[in-house]
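Here's the structure, in C-alpha cells; my notes come after.
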There are 2 protein chains.
Amino acid sequence: MDRTQDGKPRRTAARGSYAVGDERRARILDAAVEHFAQWGFHASSLARIAKDAGITQGGLLHHFRSKEDLLISVLRRTDEQGGVRLFAREPQSVVETFQTLLGLAAYNAERPGRTKMFNALVGEAGERGHPAHDFFVGRYRMVIEGIGRELRDAVERGEVKPGTDPEALAAEIAAVMDGLQLQWALAPETYDMVGRLRAYFDRLLRSVTVDGVGLPERSGGEEDRSEN
Amino acid sequence: MDRTQDGKPRRTAARGSYAVGDERRARILDAAVEHFAQWGFHASSLARIAKDAGITQGGLLHHFRSKEDLLISVLRRTDEQGGVRLFAREPQSVVETFQTLLGLAAYNAERPGRTKMFNALVGEAGERGHPAHDFFVGRYRMVIEGIGRELRDAVERGEVKPGTDPEALAAEIAAVMDGLQLQWALAPETYDMVGRLRAYFDRLLRSVTVDGVGLPERSGGEEDRSEN
DNA sequence: GTCTATAAGGCGATAGAC
DNA sequence: GTCTATCGCCTTATAGAC
C-alpha cells in the first residue's frame with residue numbers, strides 16, 4: 001500500500017522509515033475511528049484502541065501525545081479522505097450537485113465505522129467544552145457555504161427559482177443527510193439511506209427548479225469514488 | 001429534609017414518604033439529563049450526577065439500581081413529558097400536523113439539556129450493544145408511524161398528492177428535525193431552528209399538497225404548550 | 001519505536017451503619 | 001433514605017529500559 005520505491009539517496013531512506021511510521025499511525029487512526037464510533041470520545045480508551053492497532057497504550061502515545069491529539073488527527077484525516085474535496089469540480093447544474101451528494105451518501109453507507117463516528121461525535125460536540133466542538137462548527141460552516149454557493153450559482157444561472165434562500169436550503173440539505181444517517185445507523189443493513197436521500201432530492205428539484213423536473217432515473221455519480 | 005410527619009395510619013405515612021422520594025427522584029433525573037447531554041451515557045459518572053442532585057453516589061443507587069436503570073428511567077420520563085402524546089388529537093389537516101411538529105421544535109429549543117441529551121444519545125446508540133439502542137429503534141418506529149399515519153390520512157382525504165409515500169416522507173421529516181437539531185446544538189442562541197423547520201414545511205406543503213398552498217403566515221401551534 | 005512499570009485518580013456497585 | 005467505606009477494576013499520562 002505504501003510503495004515508496006526508492007532509488008539510492010539518504011533522503012529516500014528517511015522517507016521510507018517515515019512511511020513505515022505512517023503505516024502504524026494509520027492503523028492507530030483506523031482503530032480509533034471504530035472506537036469513537038462505538039463509544040464516542042470521552043468513553044473510548046487509549047489502551048483498547050492501542051490493542052486493536054496491535055500496540056500498547058504506551059506505544060500509542062509515542063505517535064499521539066494525548067487522547068485529544070488523537071481525536072483531532074482522526075477528524076482531520078477523515079475530512080481529507082472524504083467529501084471535503086466535494087467541491088473541487090464546478091458542477092454544471094444543480095442536478096449534478098445533488099448527484100455528488102448522493103455519491104457522498106453512498107460513500108458513507110459503505111463506511112459504517114467512519115459514519116457512526118460522526119454521528120456519535122457531532123452529538124457529543126454540541127457542548128461548548130468538547131474537544132471537537134470547534135471542528136464541527138467549522139465543518140458545518142464549510143459544508144453549508146459550499147452547497148450554498150452552488151445553489152446560489154444555480155439561481156443566478158436561472159436554473160433555480162429566484163426566491164430561494166441558498167444558505168437556508170443548504171442547511172436543510174445538510175440536516176436531511178445527517179438525520180437520515182442517524183436512522184440508518186440504527187439498522188445499517190436494511191435502511192436504504194441513499195434511496196431516501198434520492199427521493200428527497202427528487203421532490204426538492206421539482207419544487208425548487210424553474211423547469212420543475214426531478215432527478216434523472218438512475219444516473220451516475222452515486223458509485224463509490226473509492227478515494228482511499 | 002425527610003419530614004415524614006406521620007400521623008397514625010401506615011398507608012398515609014408510606015404515601016407521604018413516597019412523594020418525597022419522587023421529588024428526590026426527579027432531582028436526580030434532572031441532573032442526569034444534563035450530564036447525559038454533556039457526556040453521553042458511557043462517560044457520565046454517577047458520582048457527579050449524584051452531586052448535582054445534592055446526594056451521594058450511594059444514595060443515588062438507592063433510587064436507581066444501576067447506571068443503566070437510570071438511563072432508561074430518564075429516557076422514559078422524557079418521552080412521557082415531551083411530544084409522545086403528540087398524536088393524541090386527530091389533526092384536521094396536514095397543515096395542522098406540521099404546526100404541531102413546529103410546536104415540538106419550539107418546545108425542544110426551550111430545553112437545551114433535554115434536546116442535547118437526545119443528540120448525544122442517539123449518536124452513541126447506533127451501536128447495537130448500547131443500552132439505549134432498542135429505545136431509539138422503537139422511538140423512531142413510533143414517530144415515523146405516527147407521522148406516516150397522519151400523512152396517509154391526508155392522502156386519503158385528497159389533501160396530499162396520491163403518489164406520495166407517507167412513510168418515506170415521515171422518515172424525511174424526522175430526519176430534517178433531527179438534523180436541524182444537531183446544527184442548533186452547536187449554537188443554540190443564534191440558530192433559528194423553528195424558522196428553518198417552518199421554511200422546510202412551507203416548501204414541502206407547496207410541492208406535496210394538491211392545492212399547492214404553503215404554510216399560513218404565522219399561525220398558532222408553535223407556542224410552548226408547557227406540559228411540565 | 002515500542003515496551004513495562006507506575007503514578008494518581010475515577011469508575012460502578014456492594015455492604016453495612018445509622 | 002442516606003451515609004461512609006470499600007472492592008476490584010479502569011483511566012490518562014509519564015518515566016525509563018531496551
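Chain A is the first sequence line, chain B the second, and so forth, proteins listed ahead of strands; every chain is numbered from 1. Note that the structure is a prediction, hence the values are computed from the model and not measured. Note that these values count all heavy atoms, side chains included, but never hydrogens, waters or copies made by symmetry.
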Can you tell me which nucleotide in [options] comes closest to the side chain of [X]?
X       : options               : value
B/Gln57 : D/dA13, C/dG12, C/dT2 : C/dG12
B/Ile55 : C/dT2, D/dT2, C/dA13  : D/dT2
A/Ala47 : C/dG10, D/dT11, C/dT2 : D/dT11
A/Lys67 : D/dT12, C/dC3, D/dC3  : D/dT12
B/Leu46 : D/dA13, C/dG12, C/dT2 : C/dG12

| field | With sequence neighbours excluded, residues passing side-chain hydrogen bond (donor to acceptor under 3.5 Å, both in side chains) with A/His133 | value |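 Testing A/His133 for side-chain hydrogen bond (donor to acceptor under 3.5 Å, both in side chains), a comparison that skips the adjacent residues, returns none.
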| query | Within a strict 4.5 Å, meaning less than it, do heavy atoms of the B/Phe64 and B/Leu46 side chains meet? | reply |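 When only atoms from C-beta onward are counted, B/Leu46 and B/Phe64 do not touch, as no gap falls below 4.5 Å.
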Check the distance between [N]'s [atom2] and [X]'s [atom1] and give it to me in whole angstrom.
X       : N      : atom1 : atom2 : value
A/Arg27 : C/dT2  : CZ    : C1'   : 14 Å
A/Ile28 : C/dG1  : CD1   : P     : 11 Å
A/Asp69 : D/dT12 : CG    : C1'   : 14 Å
B/Leu60 : D/dT4  : CG    : C1'   : 16 Å
A/Glu23 : C/dG1  : CD    : P     : 14 Å
A/Phe64 : D/dT14 : CZ    : C1'   : 18 Å
A/Arg25 : C/dT2  : CZ    : C1'   : 16 Å
B/Trp39 : C/dG10 : CH2   : C1'   : 12 Å

| query | Hey, what do you get for CD (B/Glu124) to CD (A/Gln38), rounding to the nearest 0.5 Å? | reply |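 Reported value, rounded in 0.5 Å steps: 10.5 Å.
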| request: State the NZ-CG distance between A/Lys67 and A/Asp69, to the nearest 0.5 angstrom. | output: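 Going from the NZ atom of A/Lys67 to the CG atom of A/Asp69 covers 13.0 Å.
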| task | For a salt bridge (Lys or Arg N to Asp or Glu O under 4.0 Å) with B/Glu172, tell me which candidate from A/Arg198, A/Arg203, A/Arg196 qualifies. | result |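 Only match with B/Glu172 under salt bridge (Lys or Arg N to Asp or Glu O under 4.0 Å): A/Arg203.
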| message | Do B/Arg139 and B/Phe135 form a cation-pi contact, if we require the NZ or CZ to be under 6.0 Å from the six-membered ring centre and within 45 degrees of the ring's axis? | response |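 No, cation not above the ring by the 6.0 Å, 45° rule.
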Going by atom type alone, with no hydrogens or angles, which donor-acceptor pairs under 3.5 Å involve a side-chain atom of residues 145-153 of chain A and a protein atom two or more places apart or on another chain?
| residue | atom | partner | partner atom | Å |
| --- | --- | --- | --- | --- |
| A/Glu150 | OE1 | A/Thr97 | OG1 | 2.6 |

Any side-chain N or O of [X] below 4.0 angstrom from OP1/OP2 of [N]?
X       : N      : value
B/Arg48 : C/dC11 : yes
A/His63 : C/dT2  : yes
B/Ser45 : C/dC11 : yes
A/Thr56 : C/dT2  : no

| message | Counting only heavy atoms and a strict 4.0 angstrom limit, can you tell me which residues of residues 126-136 of chain B come near DNA chain D? | response |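 DNA chain D contact set from residues 126-136 of chain B: none.
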